[in-house]
J.: 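Can you read through this structure? Questions will come right after.
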Amino acid sequence: MSEKNDNKQGKDFNAASESESRSNFIVEIIERDLETGKWDGRVATRFPPEPNGYLHIGHAKAICLSFGIAKEYGGTCNLRFDDTNPSKEDTEYVESIKEDVSWLGFDWEDRLFFASDYFKTMHEYAVKLIEDGKAYVDSLSAEETAEYRGDYKRPGKNSPYRDRSVEENLDLFSRMKSGEFEDGAHLLRAKIDMASPNMNMRDPAVYRIRHASHHRTGDEWCIYPMYDWAHGLEDSIERITHSLCTLEFENHRPLYDWFLEQLDVYHPQQIEFARLNLSYTVMSKRKLLDLVNEGLVNGWDDPRMPTISGFRRRGYTATAIRTFCDRVGVAKRDNTVDLALLEHTIREDLNETSPRVMAVLDPLKVVIDNYPEGESEEFEAPYFPGQEEKGTRAIPFSREIFVERGDFREEAPKKWHRLAPGKEVRLRYACLITCNEIIRNDDGEVTELRCTWDPESRGGTSPDGRKVRGTLHWVNAATAVTAEVRLYDRLFNVINPLAVEDGHSFVENINPSSCEVLTRCLAEPSLAGAKPESRFQFERIGYFCVDRYDSTDDKLVFNRTITLRDSWAKIEKKLGGK
RNA sequence: UGGGGCGUAGGCUAACGGUAGGCCCCGGGUUUUUGGUACCCGUAAUUGCAGGUUCGAAUCCUGCCGCCCCAGCCA
């Protein structure tokens, strides 16, 4: 424990950001349990998704928590699929979930489990519950069941079938299992208390009839366990110590405890924490599914989605996501974390790990009049300026180059350091050039800039010490490779997309310019053949990732992960405002 | 309305009866061949409100107020 505290105060922020677990109420419980020997010194957690959708950043928090705690305390964390509802689940989802957890950097080793692995055991325990007189087969319709349950104000009333004999219950349950009845004809219920103020305790359903093919057990079963029955048993069977879940299950804990007590089996502790909400996006599987189904995004792994696979495709790193999850902390109060924190974490990681290269998104031709035609030369540029030992590459240079159209202004505003008539700027790693003339087409649009260079400034240095504030990125016309660049921005343009008036849908809050595709971008030749998922910083623009699906050697496709901070934009905004 | 939770700067979070700390955002500055990074400085919380206990309260007690969850044969 003291070692942890020392760590927290240490100066090694890199190490801290990777694995430091900050103080939170769950860690406190675990440390206390470790001290008292409550679980014989074991720490066993689990991450139990239902395979009915893709994992999102909220799940990442849960994964980092459960796997992270197991790792930190020398325990284990199981990956367990809670596949108790065959009509919603699919192997496509289990595959994607496994890939995402593993990509995030966590290893379940040989502890991959499925609730469906325990169907037989769960059924046996259900029989035991019936034998003990603690469960009965109800034959009310779904509507009647709801009516009998009562509401917050009124207690429920007992079903007329509640007092069936153990023999009759056993017989009916067995016939439910053998497929004799239609869906909904009967329901196995726990006999608890129809007047409980906790609705979950009003004779909750244990097994329902569902004639559906299960993605793993096929048609072996036509009755399936309910979450409350299944989950505690799964935890118990796997000898979980701390069963971490989100706040909405708080009301289920009495039931979780009740079942395990009645069965007199190993009994883990359920602990609830607040789920993660992120500004400018939605986190519910249902809403994300809507976006996918309505074609508002290109699938679950669209780079604008808050899914793990979407973030991955966008270029976010697993390290950054883990760091983010660590920084948001774990507590019990509802929260909405600022997207800016995620973005900061991504930039922080990418800044350290991404090689710098040059690419021009919106090219404007520049001809250097005093550079001899037909000649060329190369400049050596480091991938990590200031850390030349990490490698360099040659950048060709000649008479015709391209710069960013946005880096030129016919009339330079105040504090403008970039290109404008008569102004001298530096071409990064290359030289100093001065703009002399503007060439236009018939429509008056600027199509070309005529400049001169100072041959003494080779490498970009100022030969006489004259001050040149502006440094531009550029590419050599003859050797540039073309690329498609997809500029992604936040999917929604309001902090809380779900806050809409009646009759309106959250999709109305979608940011219409959340994806802009540029097809005629020009990149330096070293980028030719860049491997899928490799990441770069395009100097002065942002971080980009080679699309893992659409990019080929013939056609490069980059996704913008995140822009660089743009303090000029702030300055200009301020100037404009005055 | 019954029950279960939760209220600490704009957003997250720490503090475990000893006098509110950190990160993000925001503002200013230094360095800079990225208007990036790094570094420095700064703004901002009478801890939801009102009482009480105590030498001392964000922490304990009481009462209010506000927000979230629960009436699936979903998880």
Side-chain angles (χ1 to χ4, degrees), chain A residues 8 22-24 28 48-50 52 82-85 87-89 138 140-142 145-147 149-156 183-189 196-202 204-210 223-224 226-228 230-231 245-254 272 274 276 279 285 327-345 347-348 351-352 356 358 381 385-386 415-418 426-430 432 457 459-462 468-473 495 537-542 563-572:
Chain A
K8 202 189 301 189
R22 37 191 75 208
S23 168
N24 66 57
E28 278 178 23
E50 180 188 18
N52 67 343
D82 212 353
D83 54 350
T84 57
N85 184 355
S87 40
K88 286 191 175 182
E89 299 151 7
D138 198 357
L140 250 27
S141 70
T145 308
E147 207 177 301
R149 185 157 25 233
D151 56 34
Y152 300 143
K153 190 71 188 221
R154 280 176 296 278
D183 286 9
H186 302 284
L187 179 71
L188 183 70
R189 293 230 256 170
S196 172
N198 181 344
M199 304 297 285
N200 294 122
M201 302 299 274
R202 319 247 264 225
V206 175
Y207 264 93
R208 79 284 216 177
I209 301 171
R210 189 84 110 223
I223 55 172
Y224 292 92
M226 297 292 292
Y227 165 84
D228 288 299
H231 205 90
C245 62
T246 43
L247 246 31
E248 65 268 29
F249 292 103
E250 227 159 9
N251 295 329
H252 292 248
R253 188 174 358 115
E272 311 85 9
L276 171 73
S279 59
K285 272 188 193 173
R327 285 192 187 155
V328 300
V330 179
K332 295 197 76 156
R333 61 173 95 158
D334 294 330
N335 62 82
T336 301
V337 174
D338 193 341
L339 219 212
L341 176 59
L342 212 211
E343 295 179 337
H344 171 265
T345 312
R347 284 198 187 96
E348 180 181 58
N351 176 52
E352 280 179 27
R356 314 284 117 132
M358 292 197 289
K415 297 189 180 179
W416 179 259
H417 298 157
R418 282 111 102 142
R426 173 168 29 244
L427 295 179
R428 177 132 242 234
Y429 307 122
L432 266 22
S457 67
T461 55
S462 174
V468 178
R469 308 270 313 254
T471 300
L472 270 44
H473 58 98
I495 291 180
Q537 183 196 99
F538 290 176
E539 291 209 52
R540 301 212 309 131
I541 306 176
T563 61
L564 250 32
R565 273 215 174 71
D566 186 356
S567 54
W568 163 247
K570 278 184 194 170
I571 293 169
E572 192 173 31

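Just the heavy atoms: all of them, side chains too, but no hydrogens, waters or symmetry mates, feed the values below. Nothing here was measured: the structure is a model prediction, and the numbers come from that model.
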J.: With centres under 5.5 Å and planes under 30° as the test, does Tyr152(A) stack with C70(B)?
T.: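 Whether judged by distance or by angle, Tyr152(A) passes, so it stacks on the base of C70(B).
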J.: Distance check: side-chain N/O of Arg149(A) vs OP1/OP2 of G72(B), anything under 4.0 Å?
T.: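 So the side-chain polar atoms of Arg149(A) do come within 4.0 Å of the phosphate oxygens OP1 or OP2 of G72(B), strictly under.
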J.: Within less than 4.0 Å of OP1 or OP2 of C24(B), is there a side-chain N or O belonging to Arg347(A)?
T.: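 Looking at the OP1 and OP2 atoms of C24(B), neither is under 4.0 Å from any side-chain N or O of Arg347(A).
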J.: By the 4.0 Å heavy-atom rule, please label His252(A) as base, sugar-phosphate, or nothing.
T.: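 Answer is base: heavy atoms of His252(A) come under 4.0 Å of a base.
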J.: So what does Ala142(A) touch, heavy atoms closer than 4.0 Å: a base, only the sugar-phosphate, or nothing?
T.: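 If one applies the 4.0 Å heavy-atom cut-off, Ala142(A) turns out to touch a base.
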J.: Write down the distance separating the P atoms in C73(B) and A58(B), rounded off to the nearest Å.
T.: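 Pairwise P distance, C73(B) against A58(B), rounds to 47 Å.
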J.: Rounded to the nearest angstrom, tell me the gap between atom CD1 in Ile541(A) and atom P in G35(B).
T.: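 From Ile541(A) CD1 to G35(B) P: 11 Å.
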J.: What nucleic acid atoms does Asp151(A) come within less than 4.0 Å of, heavy atoms only: base, sugar-phosphate, or nothing?
T.: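 Base contact - Asp151(A) has a heavy atom under 4.0 Å of at least one base atom.
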J.: Please confirm whether the backbone N or O of Ser279(A) pairs with a side-chain atom of Asp338(A), one donor and one acceptor, at under 3.5 Å?
T.: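 Side chain of Asp338(A) to backbone of Ser279(A), a donor-acceptor pair under 3.5 Å: no, none is there.
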J.: Taking the C1' atom of each, how far is C60(B) from U1(B), in whole Å?
T.: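 Approximately 31 Å lies between the C1' atom of C60(B) and that of U1(B).
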J.: Any base atoms under 4.0 Å from Phe249(A), or only sugar-phosphate, or nothing? Heavy atoms, all strands.
T.: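 Base: the residue Phe249(A), judged by heavy atoms under 4.0 Å, touches a nucleobase.
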J.: For Glu539(A), which contact category applies under a 4.0 Å heavy-atom criterion: base, sugar-phosphate, or nothing?
T.: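 Here Glu539(A) touches the bases of the nucleic acid.
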J.: Should His417(A) be counted as stacked on G35(B), where stacking needs a ring-centre gap under 5.5 Å and an angle between planes under 30 degrees?
T.: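 His417(A) vs G35(B): stacking yes.
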J.: May I have the distance from Leu564(A) (atom CG) to U32(B) (atom P), rounded to whole angstrom?
T.: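 About 19 Å, once rounded to whole Å.
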J.: Could you please name the partner base of A38(B), counting Watson-Crick and G-U wobble pairs only when both distances are under 3.5 Å?
T.: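 For A38(B), the partner nucleotide comes out as U30(B), under the 3.5 Å rule.
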J.: Tell me the interatomic distance from Glu348(A), atom CD, to G36(B), atom P, rounded to whole angstroms.
T.: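 Nearest whole value for this atom pair: 17 Å.
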J.: From the options U34(B), G72(B), U13(B), select the nucleotide whose nearest atom is closest to the side chain of Asn335(A).
T.: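 The answer is U13(B), which lies nearest to the side chain.
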J.: Going by purine N1 to pyrimidine N3 plus the second Watson-Crick contact, or the G-U wobble pair, all under 3.5 Å, which nucleotide sits opposite C67(B)?
T.: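 Paired with G5(B).
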J.: Could you check whether Ser141(A) gets within reach of a base, just the sugar-phosphate, or nothing at all, counting any heavy atom under 4.0 Å?
T.: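 It contacts base atoms.
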J.: Could you tell me how far apart Arg426(A) (CZ) and U32(B) (P) are, to the nearest whole angstrom?
T.: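 Arg426(A) atom CZ is separated from U32(B) atom P by 11 Å.
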J.: For Leu140(A), report the nucleic acid contact type (base, sugar-phosphate, nothing); a contact means any heavy atom under 4.0 Å.
T.: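 It contacts base atoms.
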J.: The side chain of Thr84(A) is closest to which nucleotide in this list: C23(B), A75(B), U37(B)?
T.: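 The closest nucleotide is A75(B).
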J.: Students often get this wrong, so: under 4.0 angstrom with heavy atoms, is Glu272(A) touching a base, only sugar-phosphate, or nothing?
T.: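 Answer is nothing: Glu272(A) stays at 4.0 Å or more from every strand.
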J.: Indicate whether OP1 or OP2 belonging to A75(B) is found under 4.0 Å from a side-chain N or O atom of Arg208(A).
T.: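 For A75(B), OP1 or OP2 has a side-chain N or O of Arg208(A) closer than 4.0 Å.
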J.: Using the C1' atoms only, state how far G10(B) lies from C26(B), rounded to an integer number of Å.
T.: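 To the nearest whole Å, 9 Å.
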J.: Tell me if the side-chain of Glu352(A) makes a donor-acceptor pair with the base of U37(B), cut-off 3.5 Å, by modelled atom types.
T.: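 Such a pair does not exist between side chain and base.
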J.: Check this one for me: any side-chain N or O of Ser23(A) less than 4.0 Å away from OP1 or OP2 of A15(B)?
T.: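 The answer is yes; a side-chain N or O of Ser23(A) sits under 4.0 Å from OP1 or OP2.
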J.: Report the C-alpha separation of Asp82(A) and His231(A) in whole Å, then their side-chain angles, then the decisive distance to 0.1 Å, and conclude whether the side chain to side chain donor-acceptor pair (under 3.5 Å) test is met.
T.: CA-CA 8 Å; Asp82(A) 212 353; His231(A) 205 90; 2.9 Å; yes
J.: How many angstroms lie between OG in Ser196(A) and CZ in Arg202(A), if you round to the nearest 0.5 Å?
T.: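 Here the rounded value is 6.5 Å.
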J.: For G35(B), take OP1 and OP2 only and decide whether either is under 4.0 Å from a side-chain N or O of Arg540(A).
T.: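 Arg540(A) to G35(B) OP1/OP2: side-chain N or O found under 4.0 Å.
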J.: From the list A75(B), G35(B), G11(B), which nucleotide is the closest neighbour of the side chain of Arg418(A)?
T.: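 My answer, after comparing the listed nucleotides, is G35(B).
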J.: From Lys88(A) NZ over to Lys285(A) NZ, what is the distance, rounded to the nearest 0.5 angstrom?
T.: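 Answer for the NZ-NZ pair, Lys88(A) versus Lys285(A), is 9.0 Å.
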J.: Measuring to OP1 and OP2 of G36(B), would you say a side-chain N or O of Ser567(A) lies under 4.0 angstrom away?
T.: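 Indeed, a polar side-chain atom of Ser567(A) lies that close.
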J.: From the options C23(B), G2(B), G72(B), select the nucleotide whose nearest atom is closest to the side chain of Pro197(A).
T.: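 Nearest listed nucleotide: G2(B).
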J.: Nearest nucleotide by nearest heavy atom, which residue falls closer to the 5' end of RNA chain B, Thr471(A) or Ala274(A)?
T.: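 Whichever sits nearer the 5' end wins; that is Ala274(A).
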J.: List the steps and the verdict of side-chain contact (heavy atoms from CB on, under 4.5 Å) for Asp334(A) and Leu247(A).
T.: CA-CA 9 Å; Asp334(A) 294 330; Leu247(A) 246 31; 4.1 Å; yes
J.: Measuring only the P atom in each nucleotide, how far is U46(B) from A9(B)? A whole number of Å is fine.
T.: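 Looking at atom P only, U46(B) and A9(B) are 8 Å apart.
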J.: Please state how far atom CD in Glu50(A) lies from atom C1' in A75(B), giving the value in whole angstrom units.
T.: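 Glu50(A) atom CD is separated from A75(B) atom C1' by 5 Å.
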J.: Arg154(A) side chain N/O closer than 4.0 Å to the phosphate oxygens (OP1, OP2) of A71(B)?
T.: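 Negative; the distance criterion is not met.
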J.: Contact class for Ile571(A) (heavy atom, under 4.0 Å): base, sugar-phosphate, or nothing?
T.: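 Ile571(A): base contact, heavy atoms under 4.0 Å.
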J.: So which heavy atom on Glu89(A) is nearest to which on Glu50(A), and how close?
T.: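 So the minimum-distance heavy-atom pair works out to OE2-OE2, 2.6 Å.
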J.: Based on the glycosidic angle (syn within 90° of 0, else anti), state the conformation of G29(B).
T.: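 Base orientation: anti.
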J.: Any donor-acceptor pair, under 3.5 Å, between the side chain of Asn251(A) and the base of C69(B), if you only look at N and O atoms?
T.: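 Under the 3.5 Å cut-off, the side chain and the base do form a donor-acceptor pair.
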J.: How would you label the contact of Val468(A) with the nucleic acid (heavy atoms, under 4.0 Å): base, sugar-phosphate, or nothing?
T.: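 Nothing, no nucleic acid heavy atom in range.
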J.: Under 4.0 Å, heavy atoms only, any strand: does Ser462(A) hit a base, just the sugar-phosphate, or nothing?
T.: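 Since no nucleic acid heavy atom lies under 4.0 Å of Ser462(A), the category is nothing.
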J.: Rounding to an integer number of Å, can you tell me how far Arg333(A) CZ sits from A58(B) P?
T.: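 The distance from CZ of Arg333(A) to P of A58(B) comes to 16 Å, rounded to the nearest Å.
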J.: C49(B) and C67(B): how far apart are their C1' atoms, nearest whole angstrom?
T.: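 Roughly 15 Å separates the two C1' atoms.
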J.: Can you tell me the Watson-Crick or wobble partner of U59(B), both distances under 3.5 angstrom?
T.: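 U59(B) is unpaired by these criteria.
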J.: For U13(B) versus G52(B), give the span between their P atoms, rounded off to a whole number of Å.
T.: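 Nearest-Å result for U13(B) against G52(B) at atom P: 32 Å.
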J.: Applying the side chain to side chain donor-acceptor pair (under 3.5 Å) criterion to Tyr429(A), which one of Arg356(A), His473(A), Glu539(A) satisfies it?
T.: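 Among the candidates, only Glu539(A) passes.
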J.: Measure across Val468(A) and Arg426(A) and return the closest heavy-atom pair with its distance rounded to 0.1 Å.
T.: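 Taking every non-hydrogen atom into account, O-NH2, 3.0 Å.
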J.: Go through G35(B), G36(B), C24(B) for me and flag the one nearest to the Arg356(A) side chain.
T.: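 Ranking G35(B), G36(B), C24(B) by closest atom to the Arg356(A) side chain puts G36(B) first.
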J.: Of the options C25(B), A75(B), U1(B), whose atoms approach the side-chain atoms of Lys153(A) most closely?
T.: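 Minimum distance to the Lys153(A) side chain belongs to U1(B).
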J.: Answer yes or no: is there a donor N or O on one side and an acceptor on the other, between the side chain of Arg210(A) and the main chain of Tyr224(A), under 3.5 Å?
T.: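 Judged by distance alone, no pair lies under 3.5 Å.
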J.: Roughly how far apart, to the nearest Å, are U19(B) and U54(B) at atom C1'?
T.: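 U19(B) and U54(B) have their C1' atoms separated by 14 Å.
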J.: Once rounded to the nearest 0.5 Å, what's the spacing between atom CZ of Arg418(A) and atom CG of Leu472(A)?
T.: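 One finds 7.0 Å between CZ of Arg418(A) and CG of Leu472(A).
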J.: Would you mind telling me which residue lines up with the more 5' stretch of RNA chain B, Asn198(A) or Lys570(A), judged by nearest nucleotide?
T.: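 The residue mapped nearer the 5' terminus is Asn198(A).
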J.: Indicate, with a heavy-atom threshold strictly under 4.0 Å, whether Thr461(A) touches base, sugar-phosphate, or nothing.
T.: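 Contact class for Thr461(A): base.
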J.: What's the gap between A44(B) and G27(B) when it is taken at their C1' atoms, as a whole Å value?
T.: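 Each nucleotide's C1' atom is 11 Å from the other's.
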